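First the structure, in the form of structure tokens, and then the observations on it.
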Amino acid sequence: MVTMEDVAKAAGVSVSTVSRVCSGRSSISEKTKRRVQKVIEELGYVSNFSAANLATHNSRTVGIVLPPSESTAYQNTFFLEIIRGIGLVCNQNQYMNTIITAQTEEELLQAVQNSARSRRTEGYILLYSREYDPVIDYLQHEKLPYILVGKPSEQDTATFCVDTDNIRAGRDVTQHLLALGHRNIAFVFETLAYNYSIDRKSGYLLALTEQGIPIRQSYIVEVEKIPEPDNPKLRALFASPERPSAIIANDDILAVSLIRMAQTLQLRVPQDLSILSFNDSLLARFYTPPLTSVNLNAPQLGTEAAARMIQRIEQPDTSPSKAIIPHKLIQRESCIPYNPIKSPRTN
């Protein structure tokens with residue numbers, strides 16, 4: 001059986017050079033690459049992926065870090081679409097990926113630390129971003145490469161990231177509802193712990209301010225990811241004499257929860273209440289009524305993040321970069337023009 005050592009000896013190069021040629025590394029000169037490839041063909045050597053990794057102390061594995069969650073993050077197809085994009089690029093470049101999950105922030109940090117100490121992962125793609133994240137603090141302290149899918153903190157100027165312009169997205173959806181004649185527009189979100197929620201709320205407020213519409217704090221409601229049917233905050237919002245005629249939900253899953261709650265209160269969507277959301281998941285497309293939702297191009301978020309991650313691994317001196325992936329509002333049946341006859345008149 002021909003070994004990598006046999007190829008290296010015949011080609012007059014090191015074992016690590018043969019490994020780099022087999023794995024498609026770009027750091028090898030074309031002349032050396034052709035010489036090694038010729039010897040490989042002559043000897044009939046078949047590359048062994050694991051052996052190549054051991055020879056170069058390179059796992060060729062990217063860690064995908066999901067936000068800490070007991071369940072809801074893993075039920076969200078948005079993350080699956082990002083992971084699909086990451087997987088496509090990793091496959092093309094002969095990298096593997098591993099999913100790192102946990103129920104709590106402490107468990108997630110422990111999982112990342114265990115992964116780093118085992119040297120099984122060369123870099124990390126975080127599918128979330130927030131202020132004061134202990135995982136990022138650890139990765140920075142250990143000088144481990146990572147990419148954010150999201151917006152870095154204001155203090156962090158050295159992070160590679162791939163993001164959506166969530167301020168613009170929040171502004172765009174609010175302007176869409178304003179163009180439909182709605183003036184009483186609520187914003188319902190699951191948490192402001194993550195930067196995308198903060199930015200979408202900022203965009204919502206910006207659009208209202210630009211139109212001279214007063215900000216109503218009662219229209220800005222924070223709930224759990226999948227609110228219970230008897231959620232007091234939402235019931236108060238729906239039962240108010242100044243009930244909004246439209247709601248922006250921060251996620252498709254949350255939007256469906258709002259529709260179901262509205263139905264229990266004999267409110268029709270969209271006749272009595274227009275609802276708009278983010279992520280444009282399968283749920284948005286096939287629910288009744290189909291949801292108007294913002295497509296964030298999750299697969300491209302994944303492919304861009306993976307490409308930058310591999311670049312960081314193979315070219316450690318690469319300067320920090322930020323990519324903004326365009327979003328698109330997909331109009332469906334959950335939003336209609338404001339009807340003063342069927343909707344509460346509070347303007």
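Reckoned from all heavy atoms, side chains included, excluding hydrogens, waters and symmetry mates. Note that the structure is a prediction, hence the values are computed from the model and not measured.
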Contact between [X] and [Y] at the side-chain level, heavy atoms closer than 4.5 Å - yes or no?
X      : Y      : result
Pro67  : Phe79  : yes
Ile64  : Leu127 : yes
Leu180 : Ile336 : no
Ile248 : Phe278 : yes
Tyr338 : Leu177 : no
Ser197 : Glu190 : yes
Thr77  : Asn279 : no

Checklist entry - Under the side chain to side chain donor-acceptor pair (under 3.5 Å) rule, what pairs show up with a residue in residues 322-333, not counting sequence neighbours? => result Asp172-His327, Asp280-Arg332

Checklist entry - Of the non-hydrogen atoms in Glu107 and Gln103, which two are nearest, and what is the gap between them? => result OE1-N, 3.2 Å

Checklist entry - Which heavy atom of Ser115 sits nearest a heavy atom of Tyr124, and at what distance? => result OG-OH, 3.0 Å

Next on the checklist: Checking one residue: Phe286. Which other hydrophobic residues are in its cluster under the side-chain 4.5 Å linking rule?
Outcome noted: Leu282

Checklist entry - What pairs with Asp199 under salt bridge (charged side-chain N to carboxylate O under 4.0 Å, His left out), at least two apart in sequence or on another chain? => result Lys151

Checklist entry - Considering residues at least two apart in sequence or located in another chain, which fulfil the salt bridge (charged side-chain N to carboxylate O under 4.0 Å, His left out) criterion with Glu142? => result none

Under the rule for side-chain hydrogen bond (donor to acceptor under 3.5 Å, both in side chains), what residues qualify as partners of [X], not counting sequence neighbours?
X      : result
Gln311 : none
Asn297 : Gln300
Arg35  : none

Who pairs with [X] by side chain to side chain contact (heavy atoms under 4.5 Å, CB included), at least two apart in sequence or on another chain?
X      : value
Ser277 : Ala249, Asp252, Ala255, Leu291, Ser293
Ser218 : Arg216
Pro326 : none
Asp230 : Glu228, Arg235

Checklist outcome for this item: The ring pair (Phe, Tyr, Trp, His ring centres under 6.0 Å) partners of Phe187 (sequence neighbours excluded) come to Phe189, Tyr204

Item to check | Over 12 foreign heavy atoms within 6.0 Å of CZ, Arg120 | outcome: no

Checklist entry - Just checking, is any N or O donor in the side chain of Tyr287 or Ser334 under 3.5 Å from an acceptor N or O on the other one? => result no

Item to check | Polar side chain donor-acceptor pair, Thr159 to Tyr146, under 3.5 angstrom | outcome: yes

